[in-house]
There are 2 protein chains.
Amino acid sequence: MMATLNDVAAVAGVSPTTVSRVINNYGSLSEKTKTKVFAAMRELNYAPNNLARSLSGKKTQLVGLIFPSVSNPFFGELVATLENTLFAAGYKTILCNSANNADKERAYLRMLAANQVDGIITSTHNLGITEYQKIALPIVAFDRNLAPTIPIVSSDNYQGGRIAAEALVSQGCRHIVMLVSSAETPEPTNDRQRAYADVLQQHHLTPQVTPLGFTTDVSVKRLTIRTLLQDDPTIDGVFCSDDLTALLVLEEAEQLGRKVPADLKIIGYDGTPFMQAYHPELATIQQPFNALGQLLIATLTACIDGRPPKVLAPLPVQLRPGRTLTLDWA
Amino acid sequence: MMATLNDVAAVAGVSPTTVSRVINNYGSLSEKTKTKVFAAMRELNYAPNNLARSLSGKKTQLVGLIFPSVSNPFFGELVATLENTLFAAGYKTILCNSANNADKERAYLRMLAANQVDGIITSTHNLGITEYQKIALPIVAFDRNLAPTIPIVSSDNYQGGRIAAEALVSQGCRHIVMLVSSAETPEPTNDRQRAYADVLQQHHLTPQVTPLGFTTDVSVKRLTIRTLLQDDPTIDGVFCSDDLTALLVLEEAEQLGRKVPADLKIIGYDGTPFMQAYHPELATIQQPFNALGQLLIATLTACIDGRPPKVLAPLPVQLRPGRTLTLDWA
DNA sequence: ATGAAAGCGCTAACAG
DNA sequence: CTGTTAGCGCTTTCAT
């Protein structure tokens, strides 16, 4: 039913080779034949079959994106950027929501390999390093240590942590707590909390880190936050490792009657365009989304083309002021 | 470098057919050979090539998702649900962010066809109906009229509009405006505004619909909302056709010193889990996400299997109360 | 400037 | 229970 290259050849009265040549704009063709072939293609409403094309040696131009879930606006934003950039570069995106689940992630990896993707960009890591080592595919990680050989793209987490902590200190906070997802694994994002601890120590303040858990239910997070705030009225600053948590803190604080920023100052992390648009009041550390997306893909294509990247410098972040930190920020 | 089925056959000392049989668990095999083949597969770290498999007649198990952008939490949520459900059903997801751009959408359609996807789920429609008619692929639309032949899955927009409008009226609002994306095209979602108009008329109130534009910049939307509110202090109720807009109204209203819900009552639309978690104060009409996802995919697989669906009834929606509508909603 | 032929990795009759 | 033989639709030497 669907017209094939051979059909086109037949209609145009040329060989399949010739049709292939005009499709790929390859070798030398007379204008005459070109015209004939194009006409035939149009007539048959011909569409090339990428499967066949790839089977016979061409790249699939398929890239797998493994992220926790696009239901999280942060990843949604990032994935959207990546997909756009990939599309512009002629790649198609296979979406994989790992849900931070090891089995699913393993299954995705297998599936992507089976589908002959040209490369993978990932930001989950529930699998052992060895499992990643044995993947014979170009992989680039976002803010994750997957394996020593896998390039990492990230923004400057230490710097971001510093800026956030300094901002709270310089606004007069003396009891600053930091809320993180999970404190354990040695991930790049933990540099944020390392910087926070360093800054507080420099100012002779005591760091206090509370982990909320990455997959924890929001209602539970809320409760933890509320309890934390209630039990310790001396807390006057909160640094959250992501903006959504900061939102929770803001809401709970206001419900408890704490004035923000008078009694309590809050700063988040990520600074997505979404947050900027719908929660401009939130002070945050802004990651350079577009730059990250570009670099992620530049790195991946470099890997695909067999040009493994040199070490990648983390991209600069930036403080975005907001009402949760200072009253005069316009 | 990558082991093929033939390699496995050679190592196992059987024919390719036999290997194919054990892979597909097809026909009858002796335990002995099965074991041999599995051993060989393991030894060679064999992974089947889906391209080849599909080329020789099998389905690709690939589904294309065309949505405006997963950077919008609403679509992010929906796409996440769809991807999860698809994965569970053995399908892989190709993500397409159309950005409501006709050229891109056309390119995506062509690309998906070239990649032999089994089907498409879409929620954009910048293309003419005829362009969709000529797609020889199973398509299901979410809340969109693409072509008479293309099944539409949606929740009950008219009912949702009714519930929202009734809620505002019964809370005593007398001057209720409705904010929509765009009022023109005859889409299913316009039933919301039809219902709104009907309800207001029944109560001898005057409907007033303000379009904000789907792709309009948020800052512009903000300005429009602020101006609207400022210019007409008699407005005491706002019905927004999506939750994000409702958020904007809430923020602008409070900045203008309008007390919500005392002076102004607000109700949104969509009710994503994200909104529920991070903005529980917002009253809204909740769409049944999971059910929509399930139905979308059930419908698509039905189309793929050549069982075109009967007419689909819209799924029921539900009022989710919140502080923006009534003070006592816990 | 154009064609013939072999083959990418797998599946699917059709034998035996 | 297992193997032989043709392709699927396209690309790519190698000829002409």
Side-chain angles (χ1 to χ4, degrees), chain A residues 1-41 44-62 110-118 136, chain B residues 1-41 44-62 110-118 136:
Chain A
M1 37 154 277
M2 188 124 228
T4 76
L5 179 146
N6 280 291
D7 300 337
V8 176
V11 169
V14 299
S15 79
T17 314
T18 302
V19 178
S20 177
R21 286 209 180 90
V22 357
I23 288 174
N24 297 292
N25 197 32
Y26 188 82
S28 44
L29 305 289
S30 75
E31 278 308 318
K32 214 176 228 166
T33 28
K34 270 196 203 173
T35 323
K36 272 194 304 187
V37 171
F38 280 128
M41 288 182 15
L44 295 175
N45 199 328
Y46 171 74
N49 182 329
N50 277 345
L51 299 186
R53 197 196 279 245
S54 304
L55 221 212
S56 45
K58 294 237 177 239
K59 299 227 157 300
T60 53
Q61 300 290 103
L62 242 26
R110 204 191 313 288
M111 178 275 272
L112 291 174
N115 281 278
Q116 315 299 121
V117 297
D118 290 345
Chain B
M1 37 156 279
M2 189 124 228
T4 75
L5 180 146
N6 279 290
D7 301 337
V8 176
V11 169
V14 298
S15 78
T17 314
T18 303
V19 178
S20 176
R21 286 209 180 92
V22 357
I23 288 173
N24 297 292
N25 197 29
Y26 186 82
S28 41
L29 303 293
S30 75
E31 278 308 317
K32 215 177 227 165
T33 28
K34 271 194 199 171
T35 323
K36 273 195 304 187
V37 171
F38 279 129
M41 289 182 17
L44 296 174
N45 201 329
Y46 171 74
N49 182 330
N50 277 345
L51 300 185
R53 198 197 279 245
S54 305
L55 223 212
S56 42
K58 293 242 181 235
K59 300 227 156 301
T60 54
Q61 301 288 107
L62 241 26
R110 205 191 312 289
M111 179 276 273
L112 291 173
N115 281 279
Q116 316 297 121
V117 297
D118 290 343

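No hydrogens, no waters, no symmetry mates; every other heavy atom, side chains included, goes into these values. Just so we're on the same page: letters track the sequence lines, and every chain starts at 1.
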>> Students often get this wrong, so: under 4.0 angstrom with heavy atoms, is B/V14 touching a base, only sugar-phosphate, or nothing?
In response: sugar-phosphate
> Heavy atoms under 4.0 Å, any strand shown: does B/T18 hit a base, just sugar-phosphate, or nothing?
Replying inline: sugar-phosphate
> Within the pair A/S15 and C/dG3, is there a side-chain N or O less than 4.0 Å away from OP1 or OP2?
Replying inline: yes
> If you find the nucleotide of DNA chain D closest to B/S56 and the one closest to B/K32, which residue's nucleotide is nearer the 5' end?
Replying inline: B/K32
>> Rounding to an integer number of Å, can you tell me how far B/K59 NZ sits from C/dT11 P?
In response: 15 Å
>> How many whole angstroms separate atom CG of B/L51 from atom C1' of D/dC10?
In response: 12 Å
>> Measure CG/B/N50 against P/C/dC8 and give the value in whole Å, please.
In response: 18 Å
>> Just the rounded figure in Å: distance from C1' of D/dC1 to CG of B/N25.
In response: 15 Å
>> Assess the residue pair A/S20 and A/T17 against the criterion (side chain to side chain donor-acceptor pair (under 3.5 Å)); give the C-alpha distance rounded to whole Å, side-chain angles, the decisive distance to 0.1 Å, and a yes or no.
In response: CA-CA 5 Å; A/S20 177; A/T17 314; over 6 Å; no
> When the distance from CD1 of B/I23 to C1' of C/dA12 is rounded to whole Å, what number comes out?
Replying inline: 14 Å
> Does B/S30 put a side-chain nitrogen or oxygen below 4.0 Å from OP1 or OP2 of D/dT2?
Replying inline: yes
> To the nearest 0.5 Å, how far apart are OG1 in A/T18 and OH in A/Y26?
Replying inline: 13.5 Å
>> Distance check needed: C/dA5 C1' versus A/L5 CG, whole Å only.
In response: 15 Å
>> Does any part of the side chain of A/N50, heavy atoms only, come nearer than 4.5 Å to the side chain of B/Q116, both counted from C-beta?
In response: no
>> The side chain of A/L29 is closest to which nucleotide in this list: C/dT2, C/dC10, D/dC10?
In response: C/dT2
> Using a cut-off of 4.0 Å on non-hydrogen atoms, how would the nucleic acid contact of B/N24 be classed: base, sugar-phosphate, or nothing?
Replying inline: sugar-phosphate
> What heavy-atom pair brings B/D118 and B/Q61 nearest, and what distance separates the two atoms?
Replying inline: OD2-N, 2.7 Å
> NA contact type, B/T17, heavy-atom cut-off 4.0 Å: base, sugar-phosphate, or nothing?
Replying inline: base
>> Mind checking if A/S28 touches a base, just sugar-phosphate, or nothing, with heavy atoms under 4.0 Å?
In response: base
> Looking across every strand, which nucleic acid part, if any, lies under 4.0 Å from A/T33 by heavy atom: base, sugar-phosphate, or nothing?
Replying inline: sugar-phosphate
>> Base, sugar-phosphate or nothing for A/S20? Non-hydrogen atoms, less than 4.0 Å.
In response: base
> Taking CZ from B/R21 and P from D/dG3, how many angstroms apart are they, rounded to a whole number?
Replying inline: 9 Å
>> From C-beta outward on B/K58, which listed nucleotide comes closest to its side chain: D/dC10, C/dA12, D/dG9?
In response: C/dA12
> Rounding to a whole Å, what distance do you find between A/Y26:OH and D/dT13:C1'?
Replying inline: 9 Å
> B/D7 and B/M2: which non-hydrogen atoms are nearest, and at how many Å?
Replying inline: OD2-O, 4.2 Å
